[in-house]
2 protein chains.
Amino acid sequence: MPRREPAEPKLNNGGRRKRDAPATQKRLLDAAEREFAERGYAGARLHTIATAASVQTTLIHHYFNDKQGLYRAVIERAVSPMQVDSWNLLREHQHFEALARGFVSMLMRFYAEHQHLLAIVRHELIAGSTVVRDILQERITPVATAAIAWMKELQHQGALLADIDPTEIVIMTVSLAAYPFVEGPLLNVVVPGAVPNGAAALQRREDAVVRTLMRAFLAPTQLKPASR
Amino acid sequence: MPRREPAEPKLNNGGRRKRDAPATQKRLLDAAEREFAERGYAGARLHTIATAASVQTTLIHHYFNDKQGLYRAVIERAVSPMQVDSWNLLREHQHFEALARGFVSMLMRFYAEHQHLLAIVRHELIAGSTVVRDILQERITPVATAAIAWMKELQHQGALLADIDPTEIVIMTVSLAAYPFVEGPLLNVVVPGAVPNGAAALQRREDAVVRTLMRAFLAPTQLKPASR
DNA sequence: AACGTTATTGACTAAATTTTTAGTTAAGCG
DNA sequence: CGCTTAACTAAAAATTTAGTCAATAACGTT
């Protein structure tokens with residue numbers, strides 16, 4: 001027994017859309033990623049996400065079961081580009097400058113392209129999520145460990161200053177590369193135009209960071225006179 | 001005509017609490033600040049806040065009218081410690097090292113003590129809030145502008161390297177000082193113990209940052225041999 | 001061309017959450 | 001004291017929002 005009468009068959013959707021499941025899922029995931037990043041899990045609204053993807057809320061349930069399912073899907077997809085294969089390339093470089101440049105470049109690119117992901121990660125870590133924690137430890141920790149070991153070795157070789165903890169060197173490197181992305185909105189409010197974001201500006205900032213790293217950490221014997 | 005019968009007069013509150021409006025408000029604001037910082041505006045639950053402050057949800061409405069009112073109150077209170085009087089002290093310093101140390105120390109202290117505030121600020125800026133934007137421009141911009149001007153002057157005096165934009169110098173300084181706080185949870189997951197947070201660790205990090213800044217930005221003529 | 005599958009929709013429900021309304025008690029003041 | 005005000009509680013209305021159900025139409029297959 002039907003619980004209600006079949007609403008008079010509208011001679012269908014005014015806005016008929018071609019059927020395309022993968023495309024629809026992608027649109028949903030995109031919208032969800034933005035929403036979750038901006039408002040956090042609890043603050044995100046399914047209706048908002050569905051609207052942004054221009055589908056009905058129900059489709060979310062159809063594809064991802066429930067809100068958590070969507071969230072997990074977003075995280076998994078967002079986290080997958082956390083491939084650090086790039087690191088292997090770096091390994092081949094021999095001297096600090098090339099190493100630093102490669103590392104900084106990789107970091108900046110990652111931060112520039114995955115701000116949503118990182119916002120979510122921050123949220124998750126504050127909320128104590130073990131999922132994200134595990135993924136990070138699996139994918140990023142090896143890179144970080146290798147980077148630290150590499151710094152230590154460079155110190156032993158006398159290429160880098162030895163009076164500073166190698167971990168600190170890495171942290172400071174990451175700080176210089178990443179902070180402007182993380183706090184970009186704030187910086188731009190406080191100092192208008194402080195963090196421009198064209199490709200050219202990015203390159204310029206990369207150069208500045210690398211030069212600063214060289215000056216800060218290269219052993220004095222290796223210091224070249226600052227070019228003017 | 002009473003809409004319902006007066007519940008039998010409990011011979012009052014089992015959990016009797018002295019009436020103390022200001023104290024209650026403070027408890028509410030504290031709880032709200034934490035909640036808003038952790039979950040964002042939409043994700044925050046009034047009931048959670050009220051419970052944390054051990055009062056009835058309704059009291060929030062009594063004092064702050066509605067959720068937005070509470071939010072505004074939190075922001076206004078949280079933002080008020082953004083006093084940068086400290087800066088005037090710095091002005092008195094003469095050379096870069098003292099200046100840098102003072103600036104870095106101020107920054108680190110601020111970040112350490114106001115992480116909730118900063119989380120909220122990030123949220124608000126992403127959401128495009130003009131309230132926070134205005135407050136920042138009013139309170140922080142002058143400091144930043146002064147800092148940049150000061151760097152420029154030091155460059156003219158030949159104390160600092162001139163081949164780098166003074167704004168960049170300031171941004172990098174802030175990066176080094178602040179990033180570990182912003183991304184502390186992530187860093188600690190990736191490299192366990194990377195960012196300890198005792199007073200001693202803080203001091204150590206401050207020293208490291210200042211030393212790095214000196215090496216990176218002091219003009220070569222002023223370089224002292226790195227101490228071992 | 002009939003047929004089953006599934007992407008997609010629109011109306012609806014159940015639960016959670018904010019807001020309102022009514023009532024109770026403590027405290028200050030004449 | 002007695003009276004007014006304001007702090008606070010309890011219940012319930014109003015609103016949001018996640019999740020369900022049945023219907024419909026596009027698509028691939030036979």
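The basis for the numbers below is simple: all heavy atoms, side chains too, and nothing from hydrogens, waters or symmetry mates. Here is the naming used below: chain letters follow the sequence lines, and residue numbers restart at 1 for every chain.
- Distances shown here put a side-chain N or O of H62(A) below 4.0 Å from the OP1 or OP2 atom of dA7(C).
- Here E35(B) does not pair with R45(B) in a salt bridge; the nearest charged N to carboxylate O distance is not below 4.0 Å.
- Side-chain nitrogen and oxygen atoms of T24(B) include at least one within less than 4.0 Å of the OP1 or OP2 phosphate oxygen of dC8(D).
- Closest approach to the T58(A) side chain among dC8(D), dA11(D), dA11(C) is made by dA11(C) (side chain taken as heavy atoms from C-beta onward).
- Ion pairing between a basic and an acidic side chain is recognised when a charged N comes within 4.0 Å of a carboxylate O; R34(B) and D30(B) show no such pairing.
- Note: Y179(B) and Y179(A) have perpendicular aromatic rings, judged against thresholds of 30 and 60 degrees for the angle between ring planes.
- Nucleotide dT25(C) holds its P atom 16 Å from the CG atom of L59(B), rounded to whole Å.
- Sorted by first and then second residue, the pairs that involve residues 60-75 of chain B and meet side-chain hydrogen bond (donor to acceptor under 3.5 Å, both in side chains), not counting sequence neighbours, are Q68(B)-R72(B), Y71(B)-E124(B).
- Nearest-nucleotide positions on DNA chain C place Q56(A) closer to the 5' end than the other of Y41(B) and Q56(A).
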What does the list of N/O pairs under 3.5 Å between the protein and nucleotides 15-18 of chain D look like, with a distance for each?
{"residue": "dT17(D)", "atom": "OP1", "partner": "R45(A)", "partner atom": "NH1", "Å": "2.5"}
{"residue": "dA18(D)", "atom": "OP1", "partner": "A44(A)", "partner atom": "O", "Å": "3.2"}
{"residue": "dA18(D)", "atom": "OP2", "partner": "L46(A)", "partner atom": "N", "Å": "3.2"}

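- Separating the CG atom in L186(A) from the CZ atom in R133(B) is a distance of 10.0 Å, to the nearest 0.5 Å.
- Residue Y63(A) has a polar side-chain atom (N or O) positioned under 4.0 Å from OP1 or OP2 of dT8(C).
- Atom CZ of F64(B) and atom P of dT18(C) are 15 Å apart (whole Å).
- Summarising the geometry, the separation between CD on Q25(A) and C1' on dT6(C) is reported as 12 Å, rounded to the nearest angstrom.
- Judged purely by distance below 3.5 Å, without hydrogens or angles, the side chains of R27(A) and T24(A) pair a donor atom with an acceptor atom.
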